[in-house]
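Here's the structure we're looking at; comments come further down.
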Amino acid sequence: MPCYKYVYDCFEVRVVETANVVEKVGIHRELWERYVQFNFEVIDMKEYGFLNNESNEIIAEFMKFYSLSSIPQYRAAITRYCECFNVKSIREITSDQFLSFSDKNLYIEWFIKYLYAYDRLFEENGFPSNWHKDDIFEHFQNRLKPKRKESLKEIILTTDLISNIENRLLDIDEDSNDFIWVLAWYMLFNTDIRVDELKNTDCKNFDGVDLISSQDNRYFIPQKYRVFISRRMERKEYTKFQQLNKYIKLIGEMVGINNLTPGEVKRARDRNMLMCPNCSSINPAKDEYWFIVNGRIVCTDCAANNEKKN
C-alpha cells in the first residue's frame with residue numbers, strides 16, 4: 001500500500017470526523033475545508049522515490065500507527081536518515097548507522113525500533129540491549145487500541161506500600177537494564193524534580209556526582225546509581241527518562257498496583273515530607289532524618305547544633 005494512499009484515506013476520515021465539530025465551535029465550514037486542503041497539500045505524502053517498492057510499503061505500514069498530524073515529522077526524520085546514509089532499501093539499515101546518526105530524535109528512534117521489533121531488518125545485531133522486541137511490539141499494538149476516557153481513582157501510596165516497593169526494588173540487580181526503574185523511583189520520590197522535568201532529562205548530563213536536569217537544576221546522585229549511569233553512557237545505551245510512565249507502571253505492578261503514575265509517586269513524596277519546626281528544612285519522614293530533643297521532633301542538623309550548645 002503506497003504511503004500517499006494511506007494518508008489520503010486517513011485525511012478523508014479525519015475531515016469527515018472533525019468538520020461538524022469545528023463548525024459547532026464557530027468556524028465556517030468553507031474556511032475549514034480550505035484549511036485542511038492547504039495542510040494536506042503541505043504534507044504531500046507521496047512515495048519516497050529514492051527507496052524501492054518494498055521499503056515504501058514498510059513505511060506505509062509503520063505510518064498506520066500514527067495520526068495525520070504526526071506523519072510529517074516522521075516523514076522528515078526518515079528522509080533525513082535515508083539521505084544521510086544513502087539508503088535504498090529500508091531492510092539494509094544497520095545498528096552502526098543508527099548509533100552514529102547525529103540527528104537522532106524520537107521520530108527516527110521509534111521508526112528504527114519498529115523495523116527491529118517487526119523483523120524488517122536484514123541485520124539485527126548491535127542495537128541497544130534494552131530494546132526488547134516484545135515491549136516494542138506491545139507499544140505499537142497498544143497504539144491501535146481505541147483510547148477510552150476513564151475516570152480513574154487516584155492511587156494513594158501508603159507507607160506500607162512505599163516500603164513494599166522499595167524492598168522489591170532492592171531485588172533488581174544493578175547490572176540489569178531494569179535498574180533504570182530504581183533510578184527513576186529515586187529521582188521521583190527522593191528529589192524535588194518535577195515529572196515533566198525528569199522526562200526531558202538525559203543521564204548524559206551526569207557530571208559524576210550530580211545529574212543536571214533539562215531545566216539545568218542539579219540533583220545529587222548517590223553512589224549506588226553512579227556506576228549504572230556511567231556504564232550506560234559508555235555502552236551508548238538509552239539514557240533518557242522519556243519512558244518514565246512505563247517504568248512507574250511496572251513498579252506498581254510489582255506490588256499489585258495497576259496503572260501507577262509518576263504524578264501519584266510525587267504526591268506520595270509530598271505526603272511523606274516533614275518540615276523541621278526549628279529551621280524549616282524539609283526532609284523525608286524517616287527516622288534517619290529526625291531526632292527528639294526536649295520532647296520535640298527536630299531535624300538531625302538542629303539536634304546536632306543543640307548538642308554542641310550543651
Side-chain angles (χ1 to χ4, degrees), residues 67 70 73 104-107 109-110 113 130 135-136 138-139 142-143 147-170 172 177-207 209-222 224-226 228-229 232-233 237-275 281-286 289:
S67 65
S70 299
Q73 287 87 352
K104 277 198 289 289
N105 55 36
L106 282 178
Y107 297 111
E109 182 173 318
W110 276 112
K113 281 183 175 180
N130 63 337
D135 292 342
I136 300 171
E138 182 180 1
H139 164 84
N142 286 338
R143 292 192 65 88
K147 295 182 179 180
R148 296 182 299 172
K149 292 184 178 180
E150 299 178 349
S151 177
L152 298 176
K153 185 178 180 180
E154 181 181 359
I155 297 167
I156 304 298
L157 289 178
T158 63
T159 53
D160 286 343
L161 281 173
I162 292 169
S163 296
N164 195 4
I165 286 173
E166 292 181 338
N167 287 334
R168 292 296 301 273
L169 291 177
L170 290 175
I172 298 180
N177 286 323
D178 292 343
F179 197 73
I180 188 70
W181 305 359
V182 187
L183 178 58
W185 174 268
Y186 166 78
M187 294 299 297
L188 283 176
F189 195 75
N190 294 280
T191 76
D192 58 4
I193 193 170
R194 302 192 313 275
V195 172
D196 59 337
E197 182 181 2
L198 180 56
K199 284 184 177 180
N200 291 307
T201 294
D202 193 329
C203 286
K204 290 178 181 177
N205 297 318
F206 174 60
D207 65 6
V209 176
D210 294 336
L211 178 61
I212 303 170
S213 77
S214 56
Q215 299 296 317
D216 293 328
N217 297 316
R218 304 181 74 91
Y219 297 95
F220 174 76
I221 300 297
K224 66 178 293 184
Y225 306 108
R226 296 177 188 176
F228 173 76
I229 294 175
R232 289 178 80 89
M233 291 167 62
E237 294 178 341
Y238 195 75
T239 55
K240 298 182 180 179
F241 290 92
Q242 289 174 334
Q243 297 187 60
L244 182 63
N245 287 13
K246 173 186 173 183
Y247 301 152
I248 299 305
K249 181 176 183 292
L250 292 171
I251 287 174
E253 290 174 356
M254 292 172 66
V255 295
I257 300 174
N258 293 324
N259 301 313
L260 182 63
T261 67
E264 287 159 343
V265 176
K266 293 304 290 186
R267 288 188 283 276
R269 166 185 161 79
D270 292 341
R271 290 191 297 270
N272 282 271
M273 301 297 285
L274 300 177
M275 177 184 291
S281 65
I282 299 176
N283 296 292
K286 291 185 176 181
Y289 294 94

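Residue numbers start at 1 and run along the sequence shown. Note that these values count all heavy atoms, side chains included, but never hydrogens, waters or copies made by symmetry. Just so it is clear, the model here is predicted, and its values are computed rather than measured.
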- Query: Is the side chain of Asn142 donor-acceptor paired with the backbone N or O of Glu138 at a distance under 3.5 Å, no angle test?
  - Reply: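 Yes, Asn142 side chain to Glu138 backbone: donor-acceptor pair under 3.5 Å.
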- Message: Keeping Asp210 on the side-chain end and Ile212 on the backbone end, is there a donor-acceptor pair under 3.5 Å?
- Response: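 Flag not set: sc Asp210 to bb Ile212 has no pair under 3.5 Å.
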- Query: Is there a donor-acceptor contact under 3.5 Å linking the side chains of Asn245 and Lys199?
  - Reply: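 Yes - a donor-acceptor pair under 3.5 Å links their side chains.
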Tell me, do [X] and [Y] make a side-chain contact under 4.5 Å, heavy atoms counted?
{"X": "Leu250", "Y": "Asp178", "value": "no"}
{"X": "Glu253", "Y": "Leu260", "value": "no"}
{"X": "Met275", "Y": "Ser281", "value": "no"}
{"X": "Lys249", "Y": "Asn259", "value": "yes"}
{"X": "Asn190", "Y": "Pro222", "value": "no"}
{"X": "Asn272", "Y": "Leu157", "value": "no"}
{"X": "Ile193", "Y": "Asn217", "value": "no"}

Could you tell me which non-hydrogen atom of [X] sits nearest to which non-hydrogen atom of [Y], and how far apart they are?
{"X": "Val195", "Y": "Leu188", "value": "CG2-CD2, 4.1 Å"}
{"X": "Leu161", "Y": "Ile156", "value": "CD1-O, 3.8 Å"}
{"X": "Lys266", "Y": "Thr191", "value": "NZ-O, 2.9 Å"}
{"X": "Ser214", "Y": "Thr201", "value": "N-OG1, 3.1 Å"}
{"X": "Arg168", "Y": "Val255", "value": "CG-CG1, 4.1 Å"}
{"X": "Phe241", "Y": "Ile180", "value": "CE2-CD1, 4.0 Å"}

Between atom [atom1] of [X] and atom [atom2] of [Y], what is the distance when rounded to the nearest 0.5 Å?
{"X": "Ile221", "Y": "Leu211", "atom1": "CD1", "atom2": "CG", "answer": "5.0 Å"}
{"X": "Asn164", "Y": "Leu169", "atom1": "CG", "atom2": "CG", "answer": "9.5 Å"}
{"X": "Asn205", "Y": "Arg218", "atom1": "CG", "atom2": "CZ", "answer": "10.0 Å"}
{"X": "Trp181", "Y": "Gln243", "atom1": "CH2", "atom2": "CD", "answer": "11.5 Å"}
{"X": "Asp196", "Y": "Gln215", "atom1": "CG", "atom2": "CD", "answer": "7.0 Å"}
{"X": "Asp192", "Y": "Glu197", "atom1": "CG", "atom2": "CD", "answer": "8.0 Å"}

- Query: Is Tyr219 atom OH crowded by more than 12 heavy atoms from other residues, nucleotides or ligands, each under 6.0 Å away?
  - Reply: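 More than 12 heavy atoms, drawn from other residues, nucleotides or ligands, come within 6.0 Å of this atom.
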- Message: Using the rule given for side chain to side chain contact (heavy atoms under 4.5 Å, CB included), can you reason through Met187 versus Leu244, listing the C-alpha separation, both sets of side-chain angles and the distance that settles it, and then say yes or no?
- Response: CA-CA 11 Å; Met187 294 299 297; Leu244 182 63; over 6 Å; no
- Of Tyr186, Phe228, Tyr247, Trp185, which meets ring pair (Phe, Tyr, Trp, His ring centres under 6.0 Å) against Phe179?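 So, applying the ring pair (Phe, Tyr, Trp, His ring centres under 6.0 Å) to Phe179 and each of Tyr186, Phe228, Tyr247, Trp185, only Phe228 qualifies.
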- Task: Let me see the working for Glu166 and Lys286 under salt bridge (Lys or Arg N to Asp or Glu O under 4.0 Å), right down to the final yes or no.
- Result: CA-CA 13 Å; Glu166 292 181 338; Lys286 291 185 176 181; 3.7 Å; yes
- Item | Single hit among Ile282, Asn283, Leu274 for side chain to side chain contact (heavy atoms under 4.5 Å, CB included) with Tyr289 |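 Going through Ile282, Asn283, Leu274 one by one, the side chain to side chain contact (heavy atoms under 4.5 Å, CB included) with Tyr289 is satisfied by Asn283 alone.
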